[in-house]
Undergrad: 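Got a structure here, written out as structure tokens. Questions coming.
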Protein chains: 2
Amino acid sequence: MPTIKDVAKMAGVSPATVSAVLRGNKRVSDISREKVDAAIAATGYRPNVVARSLRTRQTRTLGLIVPDISNPFYPEIARGIEQTARRHGFDVLFATGGEDFVHTQHLLWHFTDRQVDGIILTSIGLDYPLSVAEWGVPIILVNRKCRGCTTDFIGIDNRAAARDVIHYLISEGHQDIAFVGGPGNSSASLGRLQGYREAMLEAGLDLFDDWLLSGQLRYEDGVRAAHRLVSSRRRPTAIFSADDMMALGILDGLEQRHVEVPREMSVVGFDGIWTSSLHGVQLTTVSQPLYEMGARSTEQLLKRLDGDPSPPVDVLLDYTLVIRKTTGPAPPR
Amino acid sequence: MPTIKDVAKMAGVSPATVSAVLRGNKRVSDISREKVDAAIAATGYRPNVVARSLRTRQTRTLGLIVPDISNPFYPEIARGIEQTARRHGFDVLFATGGEDFVHTQHLLWHFTDRQVDGIILTSIGLDYPLSVAEWGVPIILVNRKCRGCTTDFIGIDNRAAARDVIHYLISEGHQDIAFVGGPGNSSASLGRLQGYREAMLEAGLDLFDDWLLSGQLRYEDGVRAAHRLVSSRRRPTAIFSADDMMALGILDGLEQRHVEVPREMSVVGFDGIWTSSLHGVQLTTVSQPLYEMGARSTEQLLKRLDGDPSPPVDVLLDYTLVIRKTTGPAPPR
DNA sequence: CTGAAAGCGCTTACAG
DNA sequence: CTGAAAGCGCTTACAG
């Protein structure tokens with residue numbers, strides 16, 4: 001592999017001059033530029049990015065941490081991040097396994113050891129003690145935030161979205177509405193729970209204990225929740241799930257118990273993963289702008305890398321309540 | 001940020017000694033080691049991986065290129081790759097956009113500029129003129145191969161799998177079987193087509209022209225194919241799709257035309273993405289070991305990095321024909 | 001406009 | 001067992 005020295009020698013100039021034409025800028029004569037270009041073409045020279053990174057102290061690399069890329073919530077976000085990063089000439093280093101602080105912390109150390117310029121952290125726990133200063137590089141939080149984190153955040157207003165869901169269900173005549181929540185350390189799930197409670201209370205509706213279940217956002221948790229709700233002392237007429245995966249499980253659990261959706265029971269999910277729109281599913285859900293969440297978080301990170309010193313922001317994107325076939329009027333009492 | 005020099009100074013040794021204890025090996029006295037460990041702890045020193053990479057000429061980084069991470073076929077593969085890589089102390093640089101040679105080539109250049117140690121390339125075109133030598137780093141092909149590529153390949157025997165599908169459908173009494181293929185430059189799709197033809201011919205069944213459709217592996221292509229097949233001069237009793245996404249579209253297209261599955265029409269997919277197992281879907285399909293494809297391709301790449309000089313291999317993994325609810329006996333003639 | 005020199009932070013023969 | 005020195009391939013003041 002030819003180095004910058006080889007090119008310089010062949011072009012009859014110094015490495016500094018080659019470096020200058022490489023970066024396009026700087027004052028370098030047309031004649032030098034031509035000689036260098038010719039030498040580059042002749043040698044097939046390609047700059048060594050690692051050497052450049054060592055010298056410039058920037059790697060043009062972003063670190064991305066997702067809990068689990070095979071959860072359909074994340075690929076779309078990852079795509080938004082990767083494409084936006086690449087458009088700005090950044091690469092993304094990809095890691096899975098963020099559902100636990102120790103592992104996340106290891107990945108964070110590792111990424112900073114690798115000198116990434118910034119980090120995008122999706123779906124972290126509320127109790128993660130992360131301060132930006134600690135890591136020396138900008139960090140952007142996506143989807144879930146942590147308590148006391150002094151970091152930019154990209155997501156939606158989960159509380160408002162949950163309120164919208166409940167208002168919609170009430171408008172369809174539902175009064176007995178169950179909620180299947182996510183992990184207790186998820187700010188997103190907590191926001192949805194809060195919105196649910198508020199809207200129910202404001203409407204003067206009962207918050208029956210049996211109607212408050214929770215799971216780990218897996219399909220199986222939904223199946224289980226459906227079974228329990230069906231045999232509840234007081235069976236609800238609608239179930240609001242904190243995510244689509246559980247909602248899918250709820251749908252199947254309901255079918256197993258021969259409860260007809262939406263005639264006997266309405267089901268609402270959250271997230272808007274593509275599966276929810278399948279003809280065989282047709283889940284009513286809160287659609288989050290996943291690609292955009294990825295794109296915006298990357299743009300925000302890039303701003304920080306540009307030196308934007310403004311205080312941390314919460315970027316709340318628009319969501320949409322997509323009404324499909326799993327919800328309808330409450331059954332007559 | 002403290003450097004190795006700072007640690008050396010504090011420990012009263014040379015940077016070379018610090019480097020030695022850092023890498024765990026080498027002959028270094030217990031006394032030196034202790035002093036170095038103490039200095040590392042005191043300074044919070046973390047080695048600069050970029051500097052190390054420049055010197056050792058290895059970045060412990062793998063490049064991964066997928067056409068589209070939001071296609072549910074890839075996240076599971078990516079997970080297998082990332083986890084296997086990380087277990088061996090490698091990072092993965094992640095890029096999307098491989099459905100076109102020019103872009104793929106750009107990414108390949110970029111990755112080699114970045115000095116990745118090896119590259120995993122998923123689903124490339126048959127006509128891509130890739131030679132390993134050209135790139136200077138080992139490349140592993142996953143899912144699709146290219147003509148004349150002198151590279152390791154990880155995938156399944158698509159031809160055999162397609163034959164299994166047809167044999168199964170024949171055993172259910174089907175004779176009029178349509179095939180919806182993928183892109184003509186996909187070795188995987190071509191293998192499936194070949195298996196279909198062979199098995200049909202060997203069974204003495206007709207290969208009616210109208211029954212040979214193709215698409216770009218998108219849901220919409222499936223919907224369209226279903227519409228066409230339903231109004232075909234001679235309507236088939238079974239449709240074999242080259243992938244699950246199109247099969248999902250076929251299912252919905254059939255429903256739109258009020259064709260009942262599987263009573264009037266059987267449908268078989270290919271890939272085994274998780275959606276196919278949903279209760280509302282229950283697609284009969286050829287399940288590929290996606291995670292394992294990722295894991296094995298990474299292991300093969302790691303072997304090459306270890307200097308394994310053996311000729312390129314085709315690693316063919318086991319697949320499973322998963323029979324669910326979209327197939328059944330052929331309707332009476 | 002250009003080049004010589006220093007240096008980014010490591011590791012690796014080499015000599016002792 | 002240990003350290004001084006060189007060098008990985010760039011870029012960046014600096015002097016001319």
Side-chain angles (χ1 to χ4, degrees), chain A residues 1-37 39-40 43-61 89 109-117 136-137, chain B residues 1-37 39-40 43-61 89 109-117 136-137:
Chain A
M1 292 268 92
T3 72
I4 201 171
K5 276 185 174 174
D6 300 319
V7 174
K9 197 170 302 173
M10 174 175 285
V13 299
S14 73
T17 299
V18 177
S19 175
V21 345
L22 240 33
R23 277 165 301 119
N25 62 349
K26 217 185 175 183
R27 55 292 120 96
V28 33
S29 68
D30 288 352
I31 177 90
S32 291
R33 187 184 315 278
E34 275 167 31
K35 286 190 294 183
V36 168
D37 284 342
I40 288 174
T43 55
Y45 168 72
R46 312 238 57 185
N48 181 325
V49 174
V50 172
R52 176 181 295 167
S53 294
L54 176 60
R55 183 58 233 243
T56 62
R57 303 178 150 290
Q58 57 167 352
T59 53
R60 296 190 79 79
T61 306
W109 275 326
H110 179 69
F111 276 170
T112 51
D113 288 354
R114 292 211 44 153
Q115 314 287 119
V116 299
D117 295 333
V137 298
Chain B
M1 292 268 90
T3 72
I4 201 171
K5 275 184 171 174
D6 300 318
V7 174
K9 197 170 299 171
M10 174 176 284
V13 300
S14 74
T17 300
V18 177
S19 175
V21 346
L22 240 34
R23 277 165 300 120
N25 62 351
K26 217 183 173 182
R27 55 293 120 95
V28 34
S29 67
D30 287 351
I31 177 87
S32 290
R33 188 184 315 279
E34 276 167 31
K35 286 189 296 185
V36 169
D37 284 341
I40 288 174
T43 54
Y45 168 72
R46 311 237 58 185
N48 180 325
V49 173
V50 172
R52 177 180 295 168
S53 293
L54 177 59
R55 181 58 232 242
T56 62
R57 304 178 149 291
Q58 55 166 357
T59 52
R60 295 190 81 75
T61 306
W109 274 326
H110 180 69
F111 277 170
T112 51
D113 288 353
R114 293 212 42 154
Q115 314 289 120
V116 299
D117 295 333
V137 297

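In what follows, every chain begins at residue 1, and chains take the letters A, B, ... in the order their sequences are listed.
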Undergrad: Please report the distance, rounded to the nearest Å, between NZ in B:K35 and P in D:dC1.
TA: 14 Å
Undergrad: Could you pick out which residue, B:R57 or B:S14, lies toward the 5' side of DNA chain D when each is mapped onto its nearest nucleotide?
TA: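 Upstream on the strand: B:S14.
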Undergrad: Within this structure, what is the CG-to-P distance between B:N48 and D:dC10, rounded to whole angstrom?
TA: 17 Å
Undergrad: B:T17 versus B:K35: any side-chain heavy-atom pair under 4.5 Å?
TA: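 Contact flag for B:T17/B:K35 side chains = no.
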Undergrad: When the distance from CZ of A:R60 to P of D:dC10 is rounded to whole Å, what number comes out?
TA: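 To the nearest whole Å, that distance equals 17 Å.
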Undergrad: Identify the residue among B:V36, B:L22, B:D6 that makes a side chain to side chain contact (heavy atoms under 4.5 Å, CB included) with B:Y45.
TA: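 Checked B:V36, B:L22, B:D6 against B:Y45; only one passes side chain to side chain contact (heavy atoms under 4.5 Å, CB included): B:L22.
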Undergrad: Give the rounded distance in Å between these two atoms: CD1 of A:I4 and C1' of C:dG3.
TA: 13 Å
Undergrad: Heavy atoms only, 4.0 Å cut-off, all strands: where does A:V50 land among base, sugar-phosphate and nothing?
TA: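 No contact at all - A:V50 keeps every heavy atom at 4.0 Å or more from the nucleic acid.
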Undergrad: Let's see if you can work this out: which of D:dT11, C:dG3, C:dT2 has an atom nearest to the side-chain heavy atoms of A:R52?
TA: D:dT11
Undergrad: Nearest to the side chain of A:L54 - D:dT2, D:dA4, C:dG9?
TA: C:dG9
Undergrad: D:dG3, C:dG9, D:dT2: which one has an atom nearest the side-chain heavy atoms of B:T3?
TA: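 Ranking D:dG3, C:dG9, D:dT2 by closest atom to the B:T3 side chain puts C:dG9 first.
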Undergrad: Taking CZ from A:R55 and C1' from D:dT11, how many angstroms apart are they, rounded to a whole number?
TA: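 Taking CZ of A:R55 and C1' of D:dT11, I get 5 Å after rounding.
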Undergrad: Answer with base, sugar-phosphate or nothing: what part of the nucleic acid does B:S53 contact at a heavy-atom distance below 4.0 Å?
TA: nothing
Undergrad: What is the distance from CD of A:Q115 to P of C:dC10, rounded to the nearest Å?
TA: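 These atoms are roughly 8 Å apart.
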Undergrad: Given atom CD1 of A:I31 and atom C1' of C:dC1, what is their separation to the nearest angstrom?
TA: 13 Å
Undergrad: From the list C:dT2, C:dT12, D:dG9, which nucleotide is the closest neighbour of the side chain of B:T56?
TA: C:dT12
Undergrad: Of all heavy-atom pairs between B:R60 and A:R114, which one has the smallest distance, and what is that distance?
TA: O-NH1, 3.8 Å
Undergrad: Side chain of B:A51 only, please: which of C:dT11, C:dG9, C:dT2 is the nearest?
TA: C:dG9
Undergrad: Scan A:V13 against the nucleic acid and name what it touches under 4.0 Å (heavy atoms): base, sugar-phosphate only, or nothing.
TA: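 The residue A:V13 makes sugar-phosphate contact but no base contact.
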Undergrad: How many whole angstroms separate atom CZ of A:R23 from atom P of D:dT12?
TA: 5 Å
